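This one's a predicted model, so the numbers in the text were calculated from it and none came from an experiment. Residue numbers begin at 1 in each chain, while the letters A, B, ... track the order of the sequences.
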Protein chains: 4
Amino acid sequence: MATESYDQYREEMIGRANVADTAELVDFYRDLERQHAGALWTVANKIEPWEPASPSVPVVWHYDRLRAHVLRALDLVTPEQAGRRVVYLANPGRVDVTAAVGWLYSGIQVMAPGELASSHRHSASALRFIIEGSGAFTNVDGHKMTLGRNDFVLTPNGTWHEHGVAEGGTICTWQDGLDIPLMNALDANFYEVHPDLQQAVPFPIDDSTASWGNPALKPAGENWSKRYSPLLKYEWAPTYEALLRYSRVTDGSPYDGIHMDYVNPFTGGPPMLTMGASMQLLRPGEHTLAHREVGSFVYQCAKGAGHSIVNGHRLDWKERDIFVVPSWMWHEHANASASEDACLFSFHDLPVMRSLGLYRAEGLAENGGRQPVLP
Amino acid sequence: MATESYDQYREEMIGRANVADTAELVDFYRDLERQHAGALWTVANKIEPWEPASPSVPVVWHYDRLRAHVLRALDLVTPEQAGRRVVYLANPGRVDVTAAVGWLYSGIQVMAPGELASSHRHSASALRFIIEGSGAFTNVDGHKMTLGRNDFVLTPNGTWHEHGVAEGGTICTWQDGLDIPLMNALDANFYEVHPDLQQAVPFPIDDSTASWGNPALKPAGENWSKRYSPLLKYEWAPTYEALLRYSRVTDGSPYDGIHMDYVNPFTGGPPMLTMGASMQLLRPGEHTLAHREVGSFVYQCAKGAGHSIVNGHRLDWKERDIFVVPSWMWHEHANASASEDACLFSFHDLPVMRSLGLYRAEGLAENGGRQPVLP
Amino acid sequence: MATESYDQYREEMIGRANVADTAELVDFYRDLERQHAGALWTVANKIEPWEPASPSVPVVWHYDRLRAHVLRALDLVTPEQAGRRVVYLANPGRVDVTAAVGWLYSGIQVMAPGELASSHRHSASALRFIIEGSGAFTNVDGHKMTLGRNDFVLTPNGTWHEHGVAEGGTICTWQDGLDIPLMNALDANFYEVHPDLQQAVPFPIDDSTASWGNPALKPAGENWSKRYSPLLKYEWAPTYEALLRYSRVTDGSPYDGIHMDYVNPFTGGPPMLTMGASMQLLRPGEHTLAHREVGSFVYQCAKGAGHSIVNGHRLDWKERDIFVVPSWMWHEHANASASEDACLFSFHDLPVMRSLGLYRAEGLAENGGRQPVLP
Amino acid sequence: MATESYDQYREEMIGRANVADTAELVDFYRDLERQHAGALWTVANKIEPWEPASPSVPVVWHYDRLRAHVLRALDLVTPEQAGRRVVYLANPGRVDVTAAVGWLYSGIQVMAPGELASSHRHSASALRFIIEGSGAFTNVDGHKMTLGRNDFVLTPNGTWHEHGVAEGGTICTWQDGLDIPLMNALDANFYEVHPDLQQAVPFPIDDSTASWGNPALKPAGENWSKRYSPLLKYEWAPTYEALLRYSRVTDGSPYDGIHMDYVNPFTGGPPMLTMGASMQLLRPGEHTLAHREVGSFVYQCAKGAGHSIVNGHRLDWKERDIFVVPSWMWHEHANASASEDACLFSFHDLPVMRSLGLYRAEGLAENGGRQPVLP
């Protein structure tokens with residue numbers, strides 16, 4: 001608050017603050033500061049912008065460049081030392097809050113065969129998208145799930161969870177997504193280590209998917225009072241099959257191609273209260289139109305290759321690459337192949353935006369709906 | 001109201017009406033009748049029973065006995081004359097309201113190749129369960145669906161709909177289920193014939209199933225403001241597969257075996273506001289325990305053979321037979337085979353009971369949970 | 001089913017059943033009857049009418065004519081003998097189900113000072129509207145409420161309740177409204193006498209109204225998991241005051257004048273799942289336009305005098321008179337006074353219609369929106 | 001990220017990160033930084049704390065000290081120059097985001113008779129609590145409201161609104177509360193100036209309160225599709241009367257005395273999606289027990305005097321003083337008077353916490369439930 005000038009946000013427009021500093025006013029401002037107060041008009045135009053201007057920046061992380069570092073961590077630290085052996089993704093505009101974009105954390109975790117991390121729980125909701133390897137599993141509140149490539153897995157707010165890789169498996173990596181930064185920002189983050197370090201697994205393996213992962217059918221008479229999905233693992237094979245089926249009866253979204261949301265089958269809503277996830281398929285040769293949305297997105301390419309343009313920045317991606325789209329930035333996607341489809345997994349904070357009544361979106365009107373690419 | 005006696009419902013218990021007729025009272029009652037009134041205590045015990053005593057009775061309709069009559073209708077009437085060519089099922093206790101049980105109507109409809117019924121809509125919600133034949137289709141609000149054996153299909157309240165069989169098909173039969181009696185009872189039934197007699201089909205065939213019949217995935221960004229399911233056809237193959245998957249991770253219900261509800265994927269709730277539907281699998285040799293529920297049920301055996309005991313009455317069934325369980329009657333089910341599973345489709349009015357806060361259920365405590373069978 | 005003719009419902013219109021009896025068909029119909037079945041086209045036009053045609057009829061019950069009979073019951077039966085000392089209202093079209101209209105029961109109850117009825121509970125939801133006398137009270141699940149003229153009181157589905165009049169009070173009468181007929185029709189009616197005949201009253205008197213009967217305020221941190229209103233008594237004075245306040249800022253409904261619904265303050269919805277209630281004020285000289293709705297209504301005049309026209313029948317009413325409007329019948333209301341307002345209390349089954357997606361309404365287009373009155 | 005050491009957050013506990021810096025590791029960390037990445041274990045214990053540790057601090061702002069500055073603003077700037085003439089409250093821990101506590105903004109606005117601010121709208125939700133003066137008014141989407149002392153007023157997300165003071169009024173001040181910081185943090189803030197600078201007022205004055213501010217009654221047939229309350233002004237007189245009524249039938253909360261929430265009468269929920277508000281009455285001599293909650297609170301003393309203890313800090317307050325309680329800090333309240341009640345208005349972000357499943361609370365177990373006061 002020891003700024004030299006107080007009038008740096010002036011705008012020459014009726015309805016906006018436009019007060020030039022005078023000696024008398026500066027005295028007044030300093031008096032207010034001494035009382036933990038200030039004059040709204042010195043900051044009004046700053047704190048009430050015309051539209052969102054996210055501090056996050058568009059970034060792509062290429063898996064083939066990160067992979068070696070991720071694997072090197074196997075030699076550098078044990079899960080016991082590290083808690084979790086993860087390389088996290090730091091958006092240059094969000095280093096202070098350890099976010100990949102907005103208030104979303106993401107990282108790449110690696111485990112070797114026979115390793116098992118200790119069990120914990122926290123206010124942060126978590127999800128995983130499996131990159132490579134065999135034999136990985138996650139236990140969530142006693143439900144053990146086996147994990148395969150491109151499977152999407154939940155460990156919701158408040159559930160005990162732990163990960164491991166079976167003795168007979170291979171080195172496994174997966175992308176983690178959590179809302180840790182949001183929980184901290186909201187002063188709402190709690191953390192507990194499981195008293196036994198590992199939890200019991202009283203349920204049949206993969207029971208959640210067998211019970212709840214069926215098309216438009218649910219176990220009769222099951223009551224579910226939790227506010228997250230009873231389905232904890234969404235497998236890749238039926239997801240990809242669903243995209244193909246859907247593609248045969250829809251024109252798709254002009255902005256997102258063949259685009260489906262993962263849902264909580266008990267409610268039809270998002271799988272968790274603070275994070276949603278989607279899978280989209282770009283048809284051979286498809287290049288979508290640009291739009292922008294209130295909400296932050298983290299993508300991983302699950303299949304194929306292509307590029308996205310985010311506020312004019314071209315981000316090239318191929319299978320396993322991760323990139324982000326900050327809130328209210330224009331984005332469009334292009335499949336690089338004329339013969340193969342490309343699939344993008346994404347997770348986002350749209351459930352927050354929708355719960356709080358803040359979601360909005362608009363398509364780009366100019367230039368045929370496509371952005372000029374910055375040099 | 002010209003009853004001879006007014007005290008036929010007396011009960012000797014504190015808290016119940018117990019007033020003997022006297023000459024003075026009978027005079028009083030007749031005075032009241034002249035004013036369109038009555039004394040509550042003459043009917044209180046009748047209208048406030050200790051528990052529900054449904055006028056519906058347990059019945060089974062054997063398809064092999066009905067089938068010939070159903071097919072004979074092909075020769076007797078055209079769809080044009082009949083509107084719909086249907087043999088309906090008349091519960092002996094509900095003949096006055098044309099119900100199979102409670103307020104639920106059911107019938108068996110038959111159409112020949114090349115036939116097409118005219119389009120209409122009504123307040124009654126309708127569903128279909130396909131029995132035999134190939135080439136049948138239903139159009140609902142412009143969505144055309146091809147129908148196969150054991151498929152479950154909706155034509156919700158207020159939707160334009162029509163049925164037909166393709167030229168190259170075979171004679172087709174299916175079971176209809178509607179809440180027509182309830183709509184009439186509630187003085188809420190409206191009916192309209194489509195102005196063009198046939199509706200246009202602007203959407204791709206079977207688009208509803210391709211869009212909404214996927215496991216825990218929904219089309220992104222689709223808004224659906226109707227109060228019924230956007231999924232209109234639930235196919236048999238994935239339903240049966242779901243039962244098998246679920247059976248591997250659950251002990252099942254003691255009363256209903258492997259039991260799944262068809263749901264509206266947009267909400268996770270029942271497919272329509274007034275009728276729900278379920279499919280259950282009885283494992284080889286399974287004989288369930290008896291329970292009773294507030295709600296009326298119409299069953300069709302979709303696979304295998306067995307019997308049910310309903311308030312002591314044994315009802316034997318095999319594939320395609322239809323039977324009913326009235327509200328608050330004990331029922332248990334037995335698979336006749338020691339090696340094959342048996343599947344029962346059912347539809348019911350539980351959504352009404354749940355919406356109005358009336359659902360309850362209890363298991364039979366006596367006799368090891370099994371009913372004695374009446375001779 | 002032993003009707004002579006089967007073709008009495010024929011209609012000469014495409015899309016409607018139109019099959020003349022022939023000897024062969026009549027044989028066919030009789031074969032079907034022997035199998036508890038029938039041909040849909042013989043009844044289709046009957047069970048699928050073009051619009052609702054309620055069997056209920058418009059009736060008015062004049063309190064000054066009923067009152068003497070009600071009071072006479074004081075001498076004829078005790079509460080112990082009668083359970084409840086009530087004269088019920090029997091719609092000539094609904095005598096078989098003991099309904100005042102549709103599936104709604106209503107009656108006038110009378111109790112003398114010092115009397116106390118035994119406590120019971122049932123699936124039926126109940127409400128009361130107080131007519132005359134002082135000292136009446138109702139206990140609901142331990143909450144005791146003192147009752148005054150024009151107070152509206154709930155005894156929801158499943159709550160223990162009992163009524164009485166204090167020793168120092170006067171003879172009291174009130175109108176009861178219950179959905180007993182609906183509960184019986186739905187095979188969902190249960191009844192229990194309180195094991196102690198009277199319940200304890202652990203809460204402060206009228207605590208429900210003091211806690212929940214405040215404008216747009218609720219007790220902080222109160223969780224309420226029941227599906228009916230935590231507010232059990234709606235007093236007359238603030239209700240009438242609300243009508244007057246609202247009248248100063250609204251043009252009112254063309255069909256119902258100044259019209260407010262009693263709500264469950266925890267949800268903003270109706271006070272109970274199966275019955276709602278409203279109070280409306282007709283301004284001096286007001287004569288509303290005619291409309292019709294899916295739903296059945298029981299009215300009591302709470303203040304003033306006037307008349308209603310229901311499907312052409314003029315029903316004159318003054319304070320305390322009760323009248324009914326059956327589903328889908330045109331109705332309009334007129335205040336007889338050019339200087340005083342008139343108030344109509346009503347209860348209805350709109351919550352059922354809305355839960356089940358059946359509500360609709362329309363205004364009368366012809367004749368300036370007013371019905372011709374039948375001679 | 002150019003920190004000298006990476007191991008400053010180590011914890012010696014199984015399940016927590018505990019990796020000491022080595023030369024090899026530091027090289028690894030720097031490699032990661034060059035790729036916009038990092039090792040989770042270097043920050044895990046920081047970003048996953050055991051419980052929330054809010055950067056906000058407890059503060060009280062004494063109105064008698066701020067008032068002169070607020071009034072001085074009348075001479076220093078016009079509404080035209082300033083947009084709004086407001087002194088905002090800057091929490092020493094939240095100066096960077098212009099928040100009074102957490103993500104909540106608050107300020108004191110002043111207007112002179114005859115002044116009228118231009119109309120605008122924004123994503124931020126806003127509320128007002130009136131401090132002093134007569135003749136103030138607010139227009140919200142065409143609804144004009146007259147404002148009196150201790151009235152609570154909404155200007156929800158997206159509504160056009162403007163404030164003014166009538167020519168015949170006096171200088172008016174009120175407290176503003178907005179979630180501007182949250183909107184900015186969520187990259188969701190939009191702002192628009194009304195094209196005409198002033199909006200039309202087509203509705204009767206104070207129609208919102210006359211229509212929706214009645215006890216457990218709502219305008220019949222009103223559909224309201226907005227996600228905020230149709231009631232925009234909650235007046236002081238009925239609020240205080242409600243507290244007194246409620247106090248006669250409740251023991252009150254051990255932590256908050258007689259405590260009521262302002263609600264959206266259409267839903268029974270909070271008035272806006274992102275901010276709630278409450279009024280509480282501390283009885284003469286009442287000193288509550290300490291508890292803590294996930295959520296941030298801004299209080300204004302509406303009546304009387306007393307003090308609160310927040311995480312050990314004693315904050316003394318009297319009528320019109322404003323103080324804050326950060327998330328998860330212990331707080332207890334004491335009325336200074338043995339004969340008069342004291343009332344605290346508060347607004348908070350509990351609707352956000354509840355929508356996102358994050359709310360929790362606990363009472364202080366030690367020391368008889370009272371905090372030791374820091375010197």
Side-chain angles (χ1 to χ4, degrees), chain B residues 1 14-19 25 28 31-32 35-41 43-44 47-52 54 59 66 69 76-77 81-84 86-90 92 95 98 102 107 118 120 122-123 157 180 184-185 187-191 193 227 273-274 294 327-328 355-358, chain C residues 1 14-19 25 28 31-32 35-41 43-44 47-52 54 59 66 69 76-77 81-84 86-90 92 95 98 102 107 118 120 122-123 157 180 184-185 187-191 193 227 273-274 294 327-328 355-358:
Chain B
M1 272 179 127
I14 294 175
R16 297 292 275 183
N18 187 9
V19 179
L25 278 169
F28 177 67
D31 280 354
L32 289 177
Q35 297 209 40
H36 302 313
L40 176 60
W41 57 87
V43 295
I47 67 176
E48 299 196 309
W50 295 95
E51 64 181 26
S54 176
V59 195
L66 269 185
H69 292 84
L76 293 172
V77 293
Q81 293 170 303
R84 296 288 186 269
V86 181
V87 168
Y88 71 86
L89 308 179
V95 169
T98 320
S118 57
H120 64 197
H122 39 59
S123 304
N157 170 348
I180 288 173
N184 288 326
D187 293 334
N189 210 0
F190 293 83
Y191 185 92
V193 175
R227 295 178 69 190
L273 291 177
T274 52
V294 171
S327 184
W328 208 238
S355 287
L356 304 184
L358 302 173
Chain C
M1 272 177 126
I14 294 176
R16 297 291 277 182
N18 187 9
V19 180
L25 278 169
F28 177 68
D31 279 355
L32 289 177
Q35 296 211 40
H36 302 313
L40 176 60
W41 58 86
V43 296
I47 67 177
E48 298 196 309
W50 295 95
E51 65 180 24
S54 176
V59 195
L66 270 184
H69 292 84
L76 293 172
V77 294
Q81 292 171 304
R84 297 286 187 270
V86 180
V87 168
Y88 71 86
L89 308 179
V95 169
T98 320
S118 57
H120 63 196
H122 38 60
S123 304
N157 168 349
I180 289 174
N184 288 326
D187 294 333
N189 210 359
F190 293 83
Y191 186 93
V193 174
R227 296 178 69 190
L273 292 176
T274 52
V294 171
S327 185
W328 209 236
S355 288
L356 304 184
L358 303 173

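- When heavy atoms are compared at a cutoff of 4.5 Å, Leu25(B) approaches chain C solely by way of its side chain, counted from C-beta outward.
- With a 4.5 Å cut-off on non-hydrogen atoms, Val43(B) touches chain C through its side chain but not through its backbone.
- Using a 4.5 Å cut-off between heavy atoms, Val87(B) contacts chain C through both its backbone and its side chain.
- With contacts defined as side-chain heavy-atom distances shorter than 4.5 Å, the pair Ile47(B)/Asn184(C) qualifies.
- In this structure, the portions of Asn189(B) lying under 4.5 Å from any heavy atom of chain C include both its backbone and its side chain.
- Using a 4.5 Å cut-off between heavy atoms, Val59(C) contacts chain B through its side chain alone, with no backbone atom that close.
- Between Val19(C) and Gln81(B), the shortest heavy-atom distance links the atoms CG2-O, 3.5 Å.
- The backbone N or O of Asp187(B) sits less than 3.5 Å from a side-chain atom of Ser327(C), completing a donor-acceptor pair.
- Separation of atoms NE2 (His69(B)) and CG (Asp31(C)) is listed at 4.0 Å; rounding is to 0.5 Å.
- Ala44(B) does not touch chain C: none of its heavy atoms, backbone or side chain, sits under 4.5 Å away.
- Across Ser123(C), Pro49(C), Gly102(C), the residue that shares the most heavy-atom pairs under 4.5 angstrom with chain B is Pro49(C).
- Residue contact with chain B, scored on non-hydrogen atoms closer than 4.5 Å, involves the side chain of Arg227(C) exclusively.
- The shortest non-hydrogen separation linking Trp41(C) to Ala82(B) is CB-O, 3.6 Å.
- Leu40(B) contributes atom CG, which lies 11.0 Å from atom CG of Leu89(C) (distance to the nearest 0.5 angstrom).
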(message) Run Phe190(C) and Val294(B) through side chain to side chain contact (heavy atoms under 4.5 Å, CB included) and show every step you take.
(response) CA-CA 10 Å; Phe190(C) 293 83; Val294(B) 171; 3.6 Å; yes
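- Interface check for chain B: of the options Glu51(C), Glu48(C), His120(C), the most heavy-atom pairs under 4.5 Å are formed by Glu48(C).
- Both the backbone and the side chain of Arg16(B) come within contact range of chain C, each with at least one heavy atom under 4.5 Å from a heavy atom of that chain.
- Contacts with chain B were tallied for Ala185(C), Ser118(C), Gly107(C); Ala185(C) has the most, counting heavy-atom pairs under 4.5 Å.
- Only the side chain of Thr98(C) comes within less than 4.5 Å of a heavy atom of chain B; its backbone N, CA, C and O stay farther away.
- Both the backbone and the side chain of Trp50(C) come within less than 4.5 Å of a heavy atom in chain B.
- Only the side chain of His122(B) comes within less than 4.5 Å of a heavy atom in chain C; its backbone stays farther off.
- To the nearest 0.5 Å, atoms CG (Leu358(B)) and CG (Leu273(C)) are separated by 8.0 Å.
- Heavy atoms closer than 4.5 Å to chain C are found in the side chain of Asn157(B), but not in its backbone.
- The greatest number of non-hydrogen atom pairs below 4.5 Å with chain C, out of Thr274(B), Val86(B), Asn18(B), is found for Val86(B).
- Across all non-hydrogen atoms, the minimal contact from Gly15(B) to Tyr191(C) is O-OH, 3.1 Å.
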